[in-house]
Every structure is written in structure tokens, then in C-alpha cells.
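All values derive from a computational prediction rather than experimental measurement.
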Amino acid sequence: MLAVALLLPPFLLGLVVLMGRYEDRMLTPAEAPRHARRRRHLCLVPAAAPGGPAPEEPAGGHAAA
């Protein structure tokens, strides 16, 4: 009984501190992923330049496999 009385308050204090840090981490806005900070290097469909012609479609209407 004495062990519970001595160990419970520090345990609860640690739990409150950890939950506070967890809450702060969950409520902060997320950073952009590392791969999205720079220019995207993988693109399945090329983007059209603003005001320019649309990208050409491959012959046959579908991409070669």
C-alpha cells in the first residue's frame, strides 16, 4: 500500500506531461513531407504549360505497356 502511495503521484505526473506533449504535437500544423518540398520529379502525366498547347496523346489512345 505504501509503494502505491509513493509511486502513483510521480507516475501520474509523468503521464500528464507525456499527454501534454502528445497533444501539442497533434495540434501543430503538419510540415510538408520531405519529398514534396522540392520540385516533384515523378509525374505520370506531363503538366501543360500555362497558356501553352496541351500535351500530345500517344498514338492509339493509350500508353505502351
Side-chain angles (χ1 to χ4, degrees):
M1 193 66 129
L2 182 63
V4 172
L6 292 176
L7 294 177
L8 190 60
F11 174 74
L12 291 176
L13 178 63
L15 187 63
V16 167
V17 170
L18 288 175
M19 291 301 290
R21 291 186 66 188
Y22 177 74
E23 181 184 13
D24 288 342
R25 186 173 178 183
M26 290 293 113
L27 294 178
T28 56
E31 295 179 7
R34 283 184 278 165
H35 66 275
R37 289 182 184 153
R38 287 177 249 115
R39 188 179 77 90
R40 294 174 63 182
H41 60 280
L42 297 176
C43 186
L44 294 176
V45 178
E56 296 179 17
E57 293 186 20
H62 62 279

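If you chain together ILVMFWY residues whose side-chain heavy atoms come under 4.5 Å of each other, Leu6 ends up grouped with Leu2. Counting Ile, Leu, Val, Met, Phe, Trp and Tyr side chains that sit under 4.5 Å apart, directly or through other members, Tyr22 shares a hydrophobic cluster with Met26.
The minimum heavy-atom distance between Asp24 and Thr28, with the atom names listed, is O-CG2, 3.0 Å.
Within the model, atoms CG of Leu7 and CG of Leu12 stand 11.0 Å from one another, a figure rounded to the nearest 0.5 Å.
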